[in-house]
Amino acid sequence: MTLLQDLEARLATALAAVLGGPASAAVTAAADLRFGDYQTNAAMVLAKQRKTNPRALAREIIDQLQLDGLATADIAGPGFINFRILPEAYAAKATALLGDVKLGVPAIGEGKTVVVDFSAPNVAKPMHVGHIRSTIIGDSLCRIARFLGFVVIADNHIGDWGTQFGMILHGWKTLLDAEALEADPIPELLRIYRDVNSATKADPSVLETCKNELVKLQAGDAENLAIWQQCIDVSKRGLQKIYDTLDVKFDHWLGESYYNDRLADLVDEFLTKGLARESNGAICIFSDGTKKPEEDPFMVHKEEGWTDNPAIIRKADGGFLYATTDLATLQFRIDEWKADQIWYVVGVPQSLHFRQIFEAAARWGKTGNFQHVAFGSILGDDRKLMKTRSGENVQLVDVLTESVERAARIIAEKSPDLQGEEAAMIAKIVGIGAVKFAELSQGRLTDYVFAWDRMLALQGDTAPYLQYSTVRIRSIFRKLDAPFDAASAVITLNQEAEIHLARLHARFGELLPLIIEDFRPNLLANYLLELARAFHSFFEACPVLKADGPVRESRLALCELTSRVLTTGLGLLGIQCPERM
RNA sequence: GCACCCGUAGCUCAAUUGGAUAGAGCGUCUGACUACGAAUCAGAAGGUUAGGGGUUCGAGUCCCUUCGGGUGUACCA
């Protein structure tokens, strides 16, 4: 049980006594330490309902509170009840956490299966910086959900069946440089894609040719299928290299093509069940009229007024669309994988699409907790969304390479004793960590303009700062004569810096469930910065190796626990910690 | 037109979803390495939370409105 849960349980008991019936109220971590460690506004909320004096009610609640050995409580301001955790309680908590591999994190996901749909690049095109958010946020959410006990299925729903293959097939047949493809396939695929794309603009008949190639592919033409398969294979190998660099893993790579042979039946089912109907030759899902137009994803306001905004599941030419594959995918995940939840880590611009998909799924009888985990856009220097087609975008590989190189330069400057393989490995851990942390420490909905320096910073509120904290701790343990036995250590707290460390340790388990509620890994990032700052302050104020007896043992144990929380927390963000740096 | 996201220190961003005197980093300024690692620490300056109304004990957060940026809106994904 976390301290917060403990307080809530005791508060509920006190409330029941005061109100004469079952009642509960939320306790939150205090925003400011001057007001204690935790607070509740239960008295103010209840006083409003009962039209009584909030401070008097708070007094009654406190008189009923049994906080023996845990905390003290007092009234402040308009009727807050502030809790101050006793140092002995923090010490006991920290000591207990030393023996807990989960570090106090509750298994709130036990028995639930969640599919996380993230990254999902289009094949035959390199990933540019705009693709980084889904990949990194999605991976982190997978790790956090697993740590909370969820069964997590990480699925890379790659775009391997889109209209871009019309152009690529045409380019493959007319423009392909076999040697270039052999040497480095992805840039060559991108080159032919771009060349054909610009050719279609100059000459509309090229576009027709491309469409025909696509139709042949979708009809099962052997030659086109073989080319398509080759594209997929080289693309996947290229993508895998980036995922290896990023330390991102998927359980499945079920792309759009996987669902191809289910689409016709799906459309038929929607037609026979009356969920969709024909309109202008296309098969569409329309509004069912149960919502106000401004809240209805199938309605849109144009100059002439409110009008239909259907989700098209089959084009007039018989082709299938994004919405069709997404519905087939959702069905598969619910029926085959028994998913209770599906989290789609996809940018804000697609929010309308997901509102339509979720609504259509509900009418179809596919129930589950579906979440569009939307994130803001990465903008180019012109403050416009980065587009794949324009081609001037910074590629993801280049960002990662540059970050590792910058880290290597800093290592050479600050730790010249590190050499060769070891230095290169550390540069990779630090450089990649910096990029990931830059992304994860930000609120996911904010847009930002891509800038090298913000993404690759190595000082201040960055991953290297956190990694450096763990390195300093490990350095201490290397200096010990005998291995430190954390399992039998007892933590006692005297200095304010020690108490603050233990306070933050206790919060780790309270924080993680909060993160998954709203999909905000940045809360974890901020927490880790706070913990590292607290550690550095402690480290300046409290000698460890120079202390004696129980104080030394306690401080070593605090170091050990801090190291574990930092390493675990960074691990949940997908960031590793080096032994030295 | 309508819908969605956003606007917070010079810059880049937070703020546990309605809590108390809005916090970090970068940059600027003062200090601290013969020291358990200075990729660090201790401290200072920096704010009408885009503007204006409203709701209530209490608003960066909710409602209305104006301005500014981004995105979406029938056969791309």
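Each chain gets a letter, A, B and so on, in the order its sequence line appears, and its residues count up from 1.
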For [X] and [N], give me the distance from atom [atom1] to atom [atom2], rounded to whole Å.
X	N	atom1	atom2	value
A:D296	B:U73	CG	C1'	13 Å
A:F375	B:U71	CZ	C1'	13 Å
A:R444	B:U17	CZ	P	16 Å
A:F437	B:C13	CZ	C1'	12 Å
A:I285	B:A74	CD1	P	16 Å
A:E439	B:U12	CD	C1'	14 Å
A:N122	B:A77	CG	P	10 Å
A:L379	B:U71	CG	P	7 Å

Select base, sugar-phosphate, or nothing to describe what [X] touches, counting heavy atoms under 4.0 Å on all strands.
X	value
A:G79	nothing
A:D518	base
A:L511	nothing

By side-chain contact (heavy atoms from CB on, under 4.5 Å) - contacts of [X] (at least two apart):
X	result
A:V348	A:A374, A:L445
A:Q495	A:E498, A:C542, A:R555
A:E359	A:D288, A:K291, A:P297, A:F298, A:R363

Indicate whether OP1 or OP2 belonging to [N] is found under 4.0 Å from a side-chain N or O atom of [X].
X	N	result
A:N309	B:A3	no
A:R355	B:C4	no
A:K302	B:A74	yes

Would you list the pairs meeting salt bridge (Lys or Arg N to Asp or Glu O under 4.0 Å) in which at least one residue belongs to residues 433-444 of chain A, sequence neighbours left out?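 Those involving residues 433-444 of chain A are A:R133-A:E439.
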Contact list for residues 42-59 of chain A, test salt bridge (Lys or Arg N to Asp or Glu O under 4.0 Å), sequence neighbours left out: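 Only A:R59-A:D63 qualify under salt bridge (Lys or Arg N to Asp or Glu O under 4.0 Å).
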Can you name the residues that form a side chain to side chain donor-acceptor pair (under 3.5 Å) with [X], not counting sequence neighbours?
X	result
A:R277	none
A:N53	none
A:T567	A:R474

Protein proximity profile, nucleotides 5-11 of chain B - base contact B, sugar-phosphate-only contact S, no contact -, cut-off 4.0 Å on heavy atoms: SS-----
In 5'-to-3' order, the base (B), backbone-only (S) or no-contact (-) status of each nucleotide in nucleotides 19-30 of chain B, using a 4.0 angstrom heavy-atom cut-off, is BBB--SSS----
Tabulate atom names and distances for all N/O pairs under 3.5 angstrom spanning the protein and nucleotides 34-38 of chain B.
from	atom 1	to	atom 2	distance (Å)
B:C36	O2	A:V544	N	3.2
B:C36	O2	A:L545	N	2.9
B:C36	N3	A:V544	N	2.9
B:C36	N4	A:F539	O	2.2
B:C36	N4	A:C542	O	2.8
B:G37	OP1	A:S475	OG	2.9
B:G37	OP2	A:K479	NZ	2.8
B:G37	O2'	A:Y468	OH	2.4
B:G37	O2'	A:R472	NE	3.0
B:G37	N1	A:M581	O	2.9
B:G37	N2	A:S415	OG	3.4
B:G37	N2	A:M581	O	3.4
B:A38	OP2	A:R472	NH2	2.6

Using heavy atoms to find the nearest nucleotide of RNA chain B for A:L458 and A:N526 separately, return the residue whose nucleotide is more 5′.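 Counting from the 5' end, the first nearest nucleotide belongs to A:N526.
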Nearest nucleotide by nearest heavy atom, which residue falls closer to the 5' end of RNA chain B, A:H353 or A:A532?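 This one resolves to A:A532.
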Might you list the N or O atoms of the protein lying below 3.5 Å from N or O atoms in nucleotides 44-50 of chain B, with each pair's distance?
none

